[in-house]
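Chain letters run A, B, ... following the sequence lines, proteins first and then strands; every chain starts at 1.
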Amino acid sequence: MLLDVRDLRVEFRTRDGVAHAVNGVNLSVDAGETLAVLGESGSGKSVTAQAVMGILDSPPGRVTGGEILFKGRDLLGLKEEERRRIRGAEMAMIFQDALSSLNPVLTVGAQLAEMFTVHRGMSRKDARARAVELMDRVRIPAARERVDDYPHQFSGGMRQRIMIAMAMALEPSLIIADEPTTALDVTVQAQVMDLLAELQRELDMGLVLITHDLGVVADVADRIAVMYAGRIVESAPVHDLYKAPAHPYTRGLLASIPRLDQKGRELYAIKGLPPSLTDIPPGCPFNPRCPMVRDTPCRTEVPPLFEVAADRGSACFFWEECLHG
Amino acid sequence: MAEPILQVRGLVKHYPLTQGILFRKQVGAVKAVDGVDLELGRGETLGVVGESGCGKSTLARLLVSLERPTEGSILFKGEDVTRLSGRALKAVRRNIQMVFQDPYTSLNPRMTVGDIIGEPFDIHPEVAPKGDRRRKVQELLDVVGLNPEYVNRYPHQFSGGQRQRIGIARGLALRPEVIVADEPVSALDVSVQAQVINLLDRLQGEFGLSYVFIAHDLSIVRHISDRVGVMYLGRIVEIGSDEEIYDHPTHPYTQALLSAVPVPDPEARRHRERIILTGDVPSPANPPSGCRFRTRCWKARERCALEVPLLAVPAAFRYAEGPAAHDSACHFAEEKQVVPPEGGTGPGAPPAKGDPGPGEPPAEGGGATRLT
Ligand SMILES: Nc1ncnc2c1ncn2[C@@H]1O[C@H](COP(=O)(O)OP(=O)(O)OP(=O)(O)O)[C@@H](O)[C@H]1O
Ligand SMILES: Nc1ncnc2c1ncn2[C@@H]1O[C@H](COP(=O)(O)OP(=O)(O)OP(=O)(O)O)[C@@H](O)[C@H]1O
Ligand code: SF4
Ligand code: SF4
Ligand SMILES: [Mg+2]
Ligand SMILES: [Mg+2]
């Protein structure tokens, strides 16, 4: 297993109290595999990714428990210096908003070349040549002429491709992409996802794709982990999950999206709102919105991740009923 | 189509591009909307889709008379709104209201919800006399599914979906006949999106509203619209019934757009042909000659650079009956099925047991296929 996150817990100490952003997350990704992490705003997707990368905003954020095994080593036990070496060279991250994560006062060529001079000790000239090569690889037209342009001189789609180039530069074994196409138009989104999938295949990387778009998940992922209030509530191979969800939340989500190939009538709507992370309800965090809720055990006990099949889990006491119902 | 309530002809909005500090000189124009024709039937929903910057919001602002067009006309029940001023304009404006995209910034944070929803009454006091306002506002809150007791709360005390409901209540305050909704659910989470879409649906029936529904999400637009117009660089390139556009598109841009939409069904992945466009959308200040899509079109030929394709039923389909015979602005229009036909494996049906939530029963055979 390339990445194996076990019982990860992260909290933020804020003025309004302690926000329990991640509450025992389990995830794993193999080389060459794409795991989609799906969840609504505030469910803890980005915080999980930041904890894995070691770039958590701390304070106020703090990992309070769990393990992050990367190639068998627990990253949480490593010194910051060691983690910094792993970041970029062995695991890299792509963010939603390329403009704010690229340095606005450096040319894209300089930023790409820096990866090679710092991590690989290359000469400036060689590094620059590699930068042009990379830009070519992510299909920036006229890469040689544009290597000295600044980030704001590129379109949104091109900037996102430059971010991908940057993440790929050192051929890491794991990439975490946090909503890499959310800010882009559909036709550009398709270009970017296509490129990402192609490079992943070529380099046999593990890819963790964070998204709230069920469509993107179905298009590219092998497995999917659904997050709700800082927990994984369902984890399954994509096909199985779409065919027959084993958690009422997943089921509601699937039913509530309009479809391109069908003219629906009324949409199913999950009632209510996601809980505040400073005030997660006791028992199953989904219980106030769940159509299948029963007072016991749902309102008193936290459901663990039940084994639905060898490679499937659901954090619902009544997963069988949900699966077959 | 039903009797038209809005008719738009040759609508143009150019924003001047100026240079110089002391003497501002016009050096060009952003052609945000550049020759749009469309009709909205009474009680109908017209969806407008297109990528960022194609002019959707500009079109919306023109339709509700927030801005004046550079050229063209907007007929509301036969009367040209663009020529009206003063009281006559005010009367028409009352009838065409807008709901904005962003529930986070479109509401004034220092006003109470009651003041926000009641604000249109200041401009049109005839609709609600002073003493009657509070009751009217509470009625509106109730209509959009919010607790009428909330009149004295501030926007930050509400969630995104609730704020969007406040925006809708405000749009309804003057009892308009037409609502122009600019990306009303784009900022919302999936589970909350469905609540707002269902609300819009219900209100349409209840008040006999006509909608112009603008969005970049093609699945949502199909769900809510009777007819759909596709925009590219300031123009409508294809327009027709939802079936004509989604199942029988003839314009290459529509085909590319539809094929790029991720479909939440892994089975469909295998049956789909993806058209991946190269290049970016050109600047609306300097659109390509002839067909504006030609710089990204895989079918472009010489004629495309020379001649502007008009929005009409293409010659190839003019004498044919059937869904391919609808308006499409392409010299070489051809049918191409890009959305896999329905009936494959659908997502799981909504939870059947227990309480599905007030007034929101799961769709029967609608958005979801039943499991066996
Ligand atoms: N820097 C921070 N300071 C305080 N709280 C934070 C911080 N970052 C995240 N949080 C808390 O963690 C929760 C989860 O945030 P996270 O960014 O992981 O959500 P997400 O699932 O990525 O949502 P989105 O889809 O909106 O990006 C937030 O609701 C917030 O309460
Ligand atoms: N007031 C203005 N002055 C100058 N240019 C403008 C103005 N308003 C819009 N534009 C330009 O007109 C074009 C169309 O903008 P518009 O906001 O209508 O697009 P849109 O389709 O709504 O895009 P989005 O999906 O991003 O909301 C854009 O290029 C925009 O920059
Ligand atoms: S454990 Fe109970 S409340 Fe939670 S999802 Fe399952 S049925 Fe619903
Ligand atoms: S007119 Fe030409 S360039 Fe335009 S869409 Fe048709 S084939 Fe493509
Ligand atoms: Mg996030
Ligand atoms: Mg807009």
*For atom CZ of A:R144, decide whether the heavy atoms of other residues, nucleotides or ligands shown that lie under 6.0 angstrom number more than 12.*
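Counting neighbours around CZ of A:R144, 12 or fewer heavy atoms of other residues, nucleotides or ligands fall under 6.0 Å, so no.
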
*Do you know which of B:V190, B:L258, B:L218, B:V281 has the most heavy-atom pairs under 4.5 Å to chain A?*
B:V190

*asked:* As an exercise: rank B:D201, B:D217, B:D242 by heavy-atom pairs under 4.5 Å with chain A and give me the winner.
replied: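 With the most close heavy-atom pairs to chain A, the winner is B:D242.
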
Quick one: does any side-chain atom of [X] pair with a main-chain N or O of [Y] as donor and acceptor, under 3.5 Å?
{"X": "B:R163", "Y": "B:F158", "value": "yes"}
{"X": "A:N287", "Y": "A:C284", "value": "yes"}
{"X": "B:Q204", "Y": "B:L209", "value": "yes"}
{"X": "B:S259", "Y": "B:I275", "value": "yes"}
{"X": "B:H248", "Y": "B:E335", "value": "no"}
{"X": "B:S225", "Y": "B:R222", "value": "no"}

Which bit of [X] comes within less than 4.5 Å of chain A, counting heavy atoms only: side chain, backbone, both or neither?
{"X": "B:L277", "answer": "both"}
{"X": "B:R296", "answer": "side chain"}
{"X": "B:I197", "answer": "side chain"}

*Shortest non-hydrogen contact between A:P180 and A:I94, atoms and distance*: CB-CG2, 4.2 Å

*Spell out the residues in residues 272-279 of chain A that have some non-hydrogen atom less than 4.5 Å away from a non-hydrogen atom of chain B, in order of number; otherwise answer 'none'.*
A:G272, A:L273

_Is A:M158 close to chain B through its backbone or its side chain, or both, or neither, when contacts mean heavy atoms under 4.5 Å?_
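A:M158 touches chain B through side-chain heavy atoms alone.
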
*Could you tell me whether A:R294 sits above the aromatic face of A:F318, with NZ or CZ closer than 6.0 angstrom to the six-membered ring centre and within 45 degrees of the axis?*
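Judged by the rule, A:R294 and A:F318 form a cation-pi pair.
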
